[in-house]
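Just below is one structure, and these are the notes that go with it.
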Amino acid sequence: MASIQRAKGMQDVLPEDRRYWDVVIETATKLARRYGFLGIDVPVVEYTNLFARGMGEASDVFVQKEMYTIEEPDGTSVTMRPEFTAGLVRAYIENGMASWPQPVKLFTVGPIFRRERPQAGRYRQHSQFDVEILGETDPAADLEVMMLAMNLYAELGYKGLTFQLNSTGCPTCKPVYIEALTAYLADHAARLAAIDKERLEKNPLRVLDSKEEGMDELLANAPHIIDYLCEDCDSHLKDLRRMLEALDQSYTINFRLVRGIDYYTKTVFEVWAQGIGAQAAVCGGGRYDGLAEAIGGPSTPGVGFGSGIERIILGLKEQGIEPPDSQQPKVLVAHFGGAAKETAVSLTYKLRDQGIATRLAFARDKRSMKSQMREANRMEAHTVLIIGEAEVAENMVAVRPLDGADQARMTVEDVIQYLKNKE
RNA sequence: GCGGGUAUAGUGUAGUGGUUAACACGUCUGGUUGUGGCCCAGAAGAUCGUGGGUUCAAAUCCCACUACUCGCCCCA
């Protein structure tokens with residue numbers, strides 16, 4: 001209706017929702033620190049080739065259609081980050097983190113940008129909490145990011161959480177698997193929907209997450225990558241599974257969970273939560289031992305996950321989890337203008353200096369007490385401090401509790417004590 | 001890129017051809033002097049998404065567009 005409106009796929013986070021963000025980010029940060037991760041921030045914009053490299057055939061599509069890319073006048077192409085991992089790996093290489101004590105465990109929070117058609121919980125700008133362990137091949141690192149993710153949702157109050165786990169192999173064994181899968185699907189081409197035939201041509205692994213009728217059955221009998229893993233990938237997965245079992249952490253081997261791009265290796269996982277719309281996944285993660293090389297750096301193993309904050313919040317709401325109300329002042333300073341105004345102002349700042357959250361009634365001219373009391377009620381204040389001529393003259397403050405208790409007159413010092421006791 | 005749904009005050013809605021578009025919530029003011037919630041009274045706030053068409057007459061019917069939304073494609 002109005003021509004003043006936000007751009008497509010962009011969201012305002014209004015104060016009422018902002019408290020969810022506070023809880024999520026605070027919980028995530030606290031947990032990451034508990035796990036020994038270091039906070040880091042990287043730029044929103046990187047050179048386009050950082051994101052484009054290593055994406056293989058897909059990169060053209062992504063760069064042209066899905067990324068916010070800016071051509072600068074001098075011909076430089078930069079792109080707003082569509083994910084965190086590449087930027088973090090870049091920062092690791094560029095800042096010499098390879099010579100820090102290994103591995104380097106990093107976490108970050110911030111917006112990422114993808115120019116897609118928006119849908120539920122999926123916006124063009126959305127924020128992610130992202131965690132990466134760089135420079136470590138031990139499956140215990142995979143376990144660590146998985147458990148951090150799981151603990152995060154559990155701590156936030158999510159119910160019905162499950163791990164979906166699989167391996168996507170490596171450049172040694174994945175091609176063998178793809179061949180076997182392609183052969184199987186080609187043999188059963190008659191049972192494939194048009195869309196899946198197309199996928200079979202372009203990216204056979206994608207057929208695995210087909211939503212078409214009858215695919216559950218067909219795919220159940222298809223080759224599963226777990227049976228095609230090379231020795232290294234196989235032992236990696238087995239090791240990880242043993243550790244999960246040692247923690248009594250249940251998980252589901254989901255043979256349909258894979259990654260189509262080569263630099264993804266070994267572990268792939270998602271955390272699913274019950275009842276949050278079409279997509280159950282609240283996070284996706286895995287190992288990417290080939291990424292650093294793909295973007296032109298030294299070979300560096302890595303494993304991590306990213307989780308969309310908006311989607312986490314959507315899930316919290318659907319599960320009926322309420323964050324505490326945002327902390328607002330419970331004290332209002334009311335006055336009658338004139339000299340009382342200055343006294344009220346100075347009282348307000350005195351209280352704030354004492355750490356007492358205080359709101360000052362604004363009034364350009366005279367304002368009725370009724371109006372100011374209504375304001376106090378609206379903000380759910382427990383106390384109104386009233387400054388009028390009489391109070392100014394006597395250097396006192398009228399303290400009016402809103403819970404029905406009697407009004408009293410106090411010195412400023414007593415008011416401070418009184419309010420501190422009340423908190 | 002492809003489908004479905006929706007579009008009326010800040011918000012949620014009512015209003016399916018006929019005078020000044022209604023209600024609730026919210027906002028603001030007042031209910032005498034310096035005191036809230038409840039209640040009462042009043043006010044502000046809508047070119048009915050935009051543009052065209054049909055008609056004596058359109059929020060209402062038709063067409064187009066746009067936006068929002070849900071899903072598909074894609075998903076790093």
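Order of the sequence lines fixes the chain letters, A, B, ..., with proteins taken first and strands second; residue numbering starts at 1 for each chain.
For the residue pair Glu270(A) and Trp272(A), a side-chain donor N or O sits within less than 3.5 Å of a side-chain acceptor on the partner.
For A43(B) and U60(B), the P atoms lie 29 Å apart once the distance is rounded to whole Å. To the nearest whole angstrom, the two C1' atoms, one in G15(B) and one in G53(B), are 24 Å apart. One C1' atom belongs to A24(B), the other to G18(B), and the distance between them is 27 Å to the nearest Å. Atom P of U54(B) sits at a distance of 15 Å from the matching atom of C63(B), rounded to the whole Å. Comparing C25(B) with A44(B), their C1' atoms sit 16 Å apart, to the nearest whole Å. Rounded to a whole angstrom, the distance from the C1' atom of A9(B) to that of A14(B) is 14 Å. Between U29(B) and G71(B), the distance separating the two C1' atoms is 48 Å to the nearest Å. Going from the C1' atom of C61(B) to that of C23(B) covers 26 Å, rounded to whole Å.
One interatomic measurement links the two molecules: CD of Glu83(A) to C1' of C75(B), which rounds to 11 Å at whole-angstrom precision. Rounding to whole angstrom units, CZ of residue Arg259(A) and P of A76(B) are separated by 5 Å. In this structure, Glu310(A) places its CD atom 13 Å from P of U69(B), rounding to the nearest Å. In this structure, His382(A) atom NE2 and G37(B) atom C1' are separated by 17 Å, rounded to whole Å. G1(B) atom P lies 19 Å from atom CZ of Arg114(A), rounded to whole Å.
Closest contact between the side chain of Ile261(A) and the listed nucleotides A76(B), C73(B), U29(B) involves A76(B). With U69(B), U35(B), C28(B) as the candidates, the nucleotide lying closest to the side chain of Arg378(A) is C28(B). The Ala390(A) side chain lies nearest to G34(B) when the options are C74(B), G34(B), C72(B). For Tyr264(A), the side-chain atoms get nearest to A76(B) when compared with the rest of A76(B), C68(B), C73(B). The side chain of Ala398(A) sits closest to G34(B) out of C74(B), G34(B), A76(B). Residue Lys370(A) has its side chain nearest to G36(B) when only G36(B), A76(B), U69(B) are considered. Looking at the side chain of Arg374(A), the nearest of the listed nucleotides G34(B), G30(B), G71(B) is G30(B). Listed nucleotides: G36(B), U35(B), C74(B). Nearest to the side chain of Asn377(A): G36(B). Looking at the side chain of Glu391(A), the nearest of the listed nucleotides G34(B), C70(B), C74(B) is G34(B).
Among the candidates Leu229(A), Thr265(A), Val268(A), Ile226(A), the single residue satisfying the side chain to side chain contact (heavy atoms under 4.5 Å, CB included) test with Ser167(A) is Leu229(A).
The aromatic rings of Phe107(A) and Phe129(A) sit tilted relative to each other, their planes meeting at an angle between 30° and 60°.
In this structure, Lys317(A) is positioned above the aromatic face of Tyr20(A), its NZ or CZ under 6.0 Å from the six-membered ring centre and within 45° of the axis.
Closest heavy-atom contact between Ala376(A) and Leu332(A): CB-CD2, 3.7 Å.
In summary, Arg256(A) and Asp216(A) engage in a salt bridge, as defined by a charged side-chain N under 4.0 Å from a carboxylate O. Using a cut-off of 4.0 Å between Lys/Arg side-chain N and Asp/Glu carboxylate O, Glu136(A) and Lys105(A) are scored as not salt-bridged.
Among the protein residues, Glu116(A) comes within range of the nucleic acid bases, having at least one heavy atom under 4.0 Å from a base atom. Contacts of Arg199(A) with the nucleic acid, taken as non-hydrogen atoms under 4.0 Å apart, involve only primed sugar atoms and P, OP1 or OP2. The residue Glu375(A) sits apart from the nucleic acid: no heavy atom pair falls under 4.0 Å.
Judged by Watson-Crick or G-U wobble contacts below 3.5 Å, the nucleotide U27(B) has A43(B) as its partner. Using N1 to N3 plus N6-O4 or O6-N4 for Watson-Crick, or N1-O2 and O6-N3 for G-U wobble, each under 3.5 Å, U6(B) pairs with A67(B). Under the Watson-Crick or G-U wobble criterion, with both distances below 3.5 Å, C61(B) is paired with G53(B).
Of the two residues near RNA chain B, Tyr123(A) and Gly388(A), the one whose nearest nucleotide lies more 5' is Gly388(A).
Put simply, Gln119(A) has a side-chain N or O that comes within less than 4.0 Å of OP1 or OP2 on C72(B).
Scanning atom types as modelled, no donor and acceptor separated by under 3.5 angstrom connect the side chain of Arg206(A) and the base of C73(B). The base of U35(B) sits within donor-acceptor range of the side chain of Gln407(A), with an N or O pair under 3.5 Å.
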